Amino acid sequence: MEEKEIRIGVFICHCGTNIGGSVDVPAVVEYAKHLPNVVHAERNLYTCADDGLTAIKNAIKQHKLNRVIVASCTPRTHEPLFRSTCEEAGLNKYLFEFVNIREHCSWVHMKDTEGATEKTKELVRMGVARATLLEPQEEMKIDVEQSAMVIGGGIAGITAAKTLANQGFDVYLVEKEAVLGGMLRNLYRLFPTGEDSLDSLQPSIAAVEGHEKIKVFSSCELKEVKGYIGNFDVTLLREGKEVNFKVGTIIVATGAMEFEPKGHYGYGKYDHVITQMQLEKLLKDGQLKKSDSVVMIQCVGAKGEEVSYCSRICCMVAIKNAMLIKEINPDADIHILHNDIQAYGAEYEELYNKAREMGIRFIKYTPESPPCVTMDGEKLKVEVYNELFGEQFMLGTDLVVLSTPLVQHQGGVEISKLLRVPLGKDKFFFEAHVKLRPVDFATDGIFLCGTAHGPAEVAESVSQALAAASGAGIPLSRGFVQIEAISVKVDLEACIGCGFCVEMCPYQALDMVDGKLEIIEALCKGCGTCVATCPTGALEQRHYQNNQIISQIKSIFHPVIE
Amino acid sequence: MKEFDPKIVAFCCNWCSYAGADLAGVSRMQYPPNVRIIKVMCSGRIDPLFVLMSFLEGADAVLVTGCHIGDCHYIDANHKTKNRFEFLKEMIAELGIGEERLRLEWISATEGEKFADMVKETVEKIKKMGPSPLSPKVMQ
Amino acid sequence: MKGCFIAWATDDATRKRGGSGGFVSAALAAALDNNLVDNVLVLKKTSPYKATPIVTNDPKEVLECAGSLHFVSVNMAKYVPPGRVALPAKPCDAMGVIERAKRGQLDLDEVYMLGLNCGGSLHPKKAKKMVEEMYNLDPDNVIGEDILKGELILKTADGEKALKIDDLEEKGYGRRESCRYCETNIPRMADLACGNWGLPVDKLGKTTFVEVITNKGEEIFKNAVDTGYVEFEPASDKAIELRDKIDNVMKGLAEKWHKRLFEPIEKLSDSERLAFYVDALNRCIGCGACRKACPVCTCGDSAKCLIEGDSNYKIPLFLMVRLLHLMDSCIGCGRCEDVCPAGIPLTLIHRRFAERMQNKLGYVPGINLDKPPYFEGELREDS
Ligand SMILES: Cc1cc2nc3c(=O)[nH]c(=O)nc-3n(C[C@H](O)[C@H](O)[C@H](O)COP(=O)(O)OP(=O)(O)OC[C@H]3O[C@@H](n4cnc5c(N)ncnc54)[C@H](O)[C@@H]3O)c2cc1C
Ligand SMILES: Cc1cc2nc3c(=O)[nH]c(=O)nc-3n(C[C@H](O)[C@H](O)[C@H](O)COP(=O)(O)OP(=O)(O)OC[C@H]3O[C@@H](n4cnc5c(N)ncnc54)[C@H](O)[C@@H]3O)c2cc1C
Ligand code: SF4
Ligand code: SF4
Ligand code: SF4
Ligand code: SF4
Ligand code: SF4
Ligand code: SF4
Ligand code: FES
């Protein structure tokens, strides 16, 4: 950078009352105005709204700003927006600095306006210190391999594969089982429509298997995925042999499995205690023995110790199957013991009411006194405390069906490790942002859909699949991606050729050639590990330079830095 | 005299611990305003020099945070963090400023609560310990 | 040909000039003569208190440099030129060479280290003072020195004068502090280990006890014999035993010194220890001499330890970074303390930090050939 005067503009966001409610924003603006190199400071109700962005652009022009700081929410969601705003006003986007005063301040110090305000001032001060030393950067463009891999051949994976292929991209669909279809293969009829599961599945499978753009790898195991968006190198194992191909984007659709309720309500001990999935199979194969009385127990293992969440679909599954049993045997006596019924949406409400009309009885139990299943001679006996009536009920029954939650399976856990994408608290795959990026991973170029993400019914799995396919299609159709300019550079004058950095790099982006360090920039992901290691300081990371980080540290302890 | 208000520097990686701190905010978990976060892309970028400098500048505690082992966005870069941390730990112990002032925590993007708890615990502990004797502000 | 020998220079002048039997100088000259190496690094004496490391390819010059300098404490490692080279190396010189090789500064396959046993050296300035105060001699009149049987013998034109090293050290003179607790006396990390320990009385001062350790050592030794520079006979079992015995005695003494010097720090409470460090390290005037003298540090004018801190720091950032970077790699050579104009007990402090880490890691720099653990990427079992 030439010795040009540094002119910083600071924009502090109220975010409605999200920030303004616990931070004295006007005081922070006043403070910011007196920080070194700051030539303009203002506050906005919502900096990310149109008028906020316009204010930034105008100020860049009017005040000849060559650094912009926005103090608002988190860079993890809003940095791209503000960066492109700067670019529109002709400012290199690496001269933009984000200060997080909402997630890291106003929201976590809601009852401490004084503390939050003081902290905000310091955070802005740190931002100014860093911004002063920022340098403009050029981004590298990388070509994108115009193909995608979909992992998991359930309805979600099938849908995603089909959608991408129809857009003209080559798709590799990887399924660990011998056949496609996933959970739906074992289901009988589907709520809310009542159509046969296979009837709705088969055409999709046929479409995928016959598609010229789709290669199906069934009975295959994913062995390794290397690389990055646009250039993932995939290695599969098929019959013990390696298959290699390259893809630009990846969709994870590895589904889920039914929780096995071992030790619950006599499951595994009594023959006639089964799960909904086992019931579906019996119904489908026409093997269900005539049952005069059936008891279904909801939330087995869910909302409790083993699984803390509500699996959302099991109530509808139970109602659906209860009705199907009624269809076969209208005289059957059916009880559904539940702990609040989840029947969201009009269609489901309707099903629920219909079930009641058909004479299916719903009994609410409390988690504190759950039902108890025992054997009474040849028959099963279910005792339950009916909360509504405040009395103990005794139900003799031929069959007990347990509704258990969908849970993550080993296959998913392995994929998480392989792709280095996270699992959440509930062990399902964890998206980049619940609201703003629900089908993306934080890692560029990898997407997710279906029950791999959490319990969902078919319609939800399918719409997520469509969303993921459209996300994964964007870089493919564009043909290139720009990579963030956070890679490293070396000052060969300072480098002593010790080579320690070479072994630090997880991506083999560094190499010693005849005692001279070479950097393969396209391989560098900008973790900065080599930079932290280098004893001489010959290595520097773009946008995370030593002096930038050091200035941040110093600014914490120096009220005003020169 | 004003009550001792510890200054704590936390180094967070972009993908996990910084996101964990974000989630603590989104979940409105309340913790005291003593921590200053410096974001790096990966905990592997945290040069021990930064930690030493923070202490010399006057930090009462330093938190080195990143993704759990196995979850690092850059394969195994956080193994190096862990390795370098062992050096820092011994160094702080030898200096005699109180080993509890330096902490390594792996915090995933879903562990907002863990982040908040870490800050709360550290602030409490440091308040009991008093200012860092290495701080330029503290007379010896 | 590996094993222990008693050897000497065939050339009488060299044999006489040599610290023991002139073997080292003769073998170095032979290596040059027969083109085994391109260069030799030796010390050129200007006075008993001063010598300059020189790189030469002249066998004659090498022979002229024969003799042990006990009042010179330079570390040779920093002066090793690139390419095929041979040098005499005390244990700390050899360790320095190995650490520099790990840092890409030289190729160990090309470096021949003729190790010198070492019981310690003296700091030149302190040696001069000692000559005046304890020997009542004019330092400039001293023409040579020798260490034999625990005594330091000074030679002048008028004859010799000997004093017990133990007594000298009790009075604050004698060997450098780092040498007193240095436990490596026989440089088995070098290619050869040469000394006078173990020699029968009648051969003292006339021959060199040589242990051939590596293939390269064998090459050097054979070359010296084949070219006629050196003659030898096998060392007797008695001689070998005697050498080991003295080595063990010296190790025991080093342990005692270690205890004596480190225990006072060990006993300090956390806050007292911090005060000790702050008081000592804050005296630093930032001249950078310690870094330049340190054989392990290979950075040039650009180095992380040179990143500027603030003047109000209780300990200079420079020294904090050095302590950190040397925790796994400090070989205890004592050079930093030798050169510090502020008189900071730098080596003692470096060793406190380093021993902590090195003991924990089970890593001995300069001997263990693994790369420095600080630059290790793998997770250790115990962590
Ligand atoms: C008992 C029960 C009844 C249900 N009834 C209904 C209903 O009536 N109506 C409704 O809308 N929904 C119903 N559902 C939900 C419905 O089954 C799911 O929404 C749907 O099947 C999810 O599809 P998916 O593709 O996400 O997952 P899945 O069907 O689980 O497909 C995932 C696929 O990925 C494969 N896979 C996993 N790991 C790997 C790996 N490592 N490598 C390669 N491949 C891998 C699996 O083998 C599987 O083929 C029911 C669910 C259950 C359990
Ligand atoms: C400081 C010191 C302490 C020693 N202590 C012992 C001991 O306790 N027990 C023991 O058995 N042997 C000891 N030795 C080794 C011994 O004195 C002889 O050096 C050795 O026996 C080899 O003798 P030589 O005649 O073959 O070597 P020489 O032919 O005399 O060659 C010696 C070579 O060493 C170089 N040299 C001289 N002084 C130094 C120095 N300070 N640092 C590095 N290189 C130097 C010379 O330049 C020369 O090239 C010590 C040597 C030194 C330098
Ligand atoms: S920043 Fe990370 S990815 Fe880039 S070269 Fe350094 S270690 Fe490798
Ligand atoms: S670590 Fe630094 S000095 Fe060593 S080779 Fe790499 S860039 Fe050069
Ligand atoms: S540190 Fe050890 S090897 Fe080096 S001169 Fe002293 S005693 Fe000899
Ligand atoms: S720190 Fe001092 S004692 Fe340690 S290797 Fe360097 S110069 Fe020698
Ligand atoms: S202390 Fe570290 S940075 Fe300084 S010269 Fe030595 S290795 Fe380089
Ligand atoms: S030699 Fe002494 S005064 Fe000079 S920089 Fe080193 S510690 Fe400081
Ligand atoms: S990305 Fe979080 S520790 Fe590496």
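Side chains included, hydrogens not; waters and symmetry mates left out as well; all remaining heavy atoms used. From a predicted model like this one, the values you see are computed outputs, not experimental measurements. Protein chains get the first letters and strands the later ones, always in sequence-line order, with residue 1 at the start of each.
For the atom pair OH of C:Tyr277 and CD1 of B:Ile97, the computed distance is 13.0 Å after rounding to the nearest 0.5 Å. Put simply, CD on B:Glu86 and CG on C:Leu361 are 8.5 Å apart, with the number rounded to the nearest 0.5 Å. Note: B:Lys137 NZ to C:Asn312 CG = 9.0 Å, rounded to the nearest 0.5 Å. To the nearest 0.5 Å, atoms CD1 (C:Ile307) and CZ (B:Phe50) are separated by 7.0 Å.
Proximity to chain B is absent for every atom of C:Leu268, based on heavy atoms less than 4.5 angstrom apart. Only the side chain of C:Asp310 comes within contact range of chain B, judged by heavy atoms closer than 4.5 Å.
The two residues B:Pro133 and C:Leu274 have their closest heavy-atom pair at CB-CD2, 3.4 Å. Nearest heavy atom pair, residue B:Ala93 against residue C:Arg356, reads CB-NH2, 3.2 Å. Residues B:Leu134 and C:Ile315 approach most closely at CD1-CD1, 4.1 Å, considering heavy atoms.
Residues that satisfy the ring pair (Phe, Tyr, Trp, His ring centres under 6.0 Å) test with B:Phe11, not counting sequence neighbours, are absent from this structure.
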### Task
Could you walk me through whether C:Phe353 and B:Glu90 pass side-chain contact (heavy atoms from CB on, under 4.5 Å), step by step?
CA-CA 8 Å; C:Phe353 282 81; B:Glu90 291 300 318; over 6 Å; no

### Residues B:Phe87, C:Leu323; criterion side-chain contact (heavy atoms from CB on, under 4.5 Å); working and verdict
CA-CA 10 Å; B:Phe87 280 75; C:Leu323 285 171; over 6 Å; no

### Chi angles and distances behind the side-chain contact (heavy atoms from CB on, under 4.5 Å) call for B:Glu94, C:Met327
CA-CA 11 Å; B:Glu94 181 59 29; C:Met327 270 179 108; 5.9 Å; no

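Surrounding NZ of C:Lys126 are at most 12 heavy atoms belonging to other residues, nucleotides or ligands under 6.0 Å away. Within 6.0 Å of CD on C:Glu263 lie more than 12 heavy atoms contributed by other residues, nucleotides or ligands.
Within the 3.5 Å criterion, the main-chain N or O of C:Glu376 finds a donor-acceptor partner in the side chain of B:Asn83. C:Lys314 places a side-chain N or O within 3.5 Å of a backbone atom of B:Ser135 that can act as its donor or acceptor partner.
Exactly one of B:Val51, B:Leu49, B:Leu95 qualifies for a side-chain contact (heavy atoms from CB on, under 4.5 Å) with C:Met320. That residue is B:Leu95.
Residues of residues 104-125 of chain B placed with any heavy atom under 4.5 Å of a heavy atom in chain C are absent; none qualify. Residue-level contacts of residues 62-81 of chain B with chain C, in order of numbering, are B:Ile69, B:His79, B:Lys80; threshold 4.5 Å between heavy atoms. Residues of residues 25-48 of chain B lying under 4.5 angstrom from chain C, judged on non-hydrogen atoms, are B:Asp47, B:Pro48 by number.
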